[in-house]
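Every value quoted in this text rests on a predicted model; they were computed, and no experiment measured them. We count residues from 1, following the sequence as given.
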Amino acid sequence: MEEIGNNPKNSADVVMMFLDEESPKKKIDVMKQYGKLLDRTGVANIAASLDLTLESDDTGDGISRIMDQLRAEERFDGSRLRDGVKIDFR
């Protein structure tokens with residue numbers, strides 16, 4: 001299989017790049033740089049990977065919803081929020 005690298009040719013390539021990234025910031029970078037290559041199926045696949053339900057079939061709306069989710073994850077999902085915090089549940 002051909003490696004995609006930094007040169008996706010179609011929506012499926014962008015989805016694979018997105019799924020290969022681990023951090024929300026890097027996923028945002030993929031969306032910003034290559035989101036224009038995404039078709040409706042690609043947007044739906046990315047949304048599904050984030051457990052998002054899209055309310056319309058509009059690609060632009062789906063990309064906006066995905067970006068909102070990724071920004072929220074970037075802001076609140078960082079380990080910096082949990083560093084040094086010890087919780088005793090006894």
Side-chain angles (χ1 to χ4, degrees):
M1 185 164 116
E2 179 183 342
E3 187 168 326
I4 298 166
N6 288 329
N7 191 23
K9 294 177 177 68
N10 55 43
S11 183
D13 289 349
V14 176
V15 172
M16 293 306 295
M17 285 180 73
F18 181 90
L19 294 174
D20 283 343
E21 296 299 346
E22 293 191 21
S23 74
K25 180 179 180 356
K26 290 187 178 191
K27 289 180 182 210
I28 288 169
D29 291 343
V30 169
M31 293 297 292
K32 283 182 178 177
Q33 191 165 2
Y34 303 112
K36 62 188 171 290
L37 294 175
L38 288 170
D39 59 17
R40 188 174 58 173
T41 301
V43 171
N45 288 336
I46 288 174
S49 78
L50 297 170
D51 291 327
L52 290 177
T53 302
L54 300 179
E55 295 179 12
S56 80
D57 287 335
D58 182 73
T59 303
D61 288 344
I63 289 173
S64 293
R65 179 71 180 96
I66 289 166
M67 292 297 285
D68 290 344
Q69 175 69 26
L70 291 171
R71 287 185 191 108
E73 286 181 15
E74 181 180 38
R75 183 170 179 200
F76 297 110
D77 231 17
S79 62
R80 65 179 175 77
L81 296 176
R82 292 184 282 279
D83 286 347
V85 176
K86 294 182 181 178
I87 300 174
D88 186 1
F89 289 105
R90 288 186 265 168

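Here Asp29 pairs with Lys25 under the side-chain contact (heavy atoms from CB on, under 4.5 Å) rule; sequence neighbours left out. Qualifying side-chain contact (heavy atoms from CB on, under 4.5 Å) partners for Ser56, counting only residues two or more places apart in sequence or in other chains: Asp58, Asp61. For the side-chain contact (heavy atoms from CB on, under 4.5 Å) test, residues two or more places apart in sequence or in another chain that qualify with Glu21 are Lys26, Lys27, Val30. With sequence neighbours excluded, the residues that form a side-chain contact (heavy atoms from CB on, under 4.5 Å) with Leu52 are Ala47, Leu50, Arg65, Ile66, Gln69.
Atoms CG and CD1, on Asp68 and Ile63 in that order, are 12.0 Å from each other to the nearest 0.5 Å.
Sorted by first and then second residue, the pairs that involve residues 36-45 and meet side-chain hydrogen bond (donor to acceptor under 3.5 Å, both in side chains), not counting sequence neighbours, are Ser11-Asp39.
The closest side-chain heavy-atom distance from Leu37 to Asp13 is not below 4.5 Å. Phe18 has its side chain within reach of Leu70: a pair of non-hydrogen atoms, C-beta onward, lies under 4.5 Å apart.
Pro24 approaches Glu73 most closely through the heavy-atom pair CG-CB, 3.8 Å.
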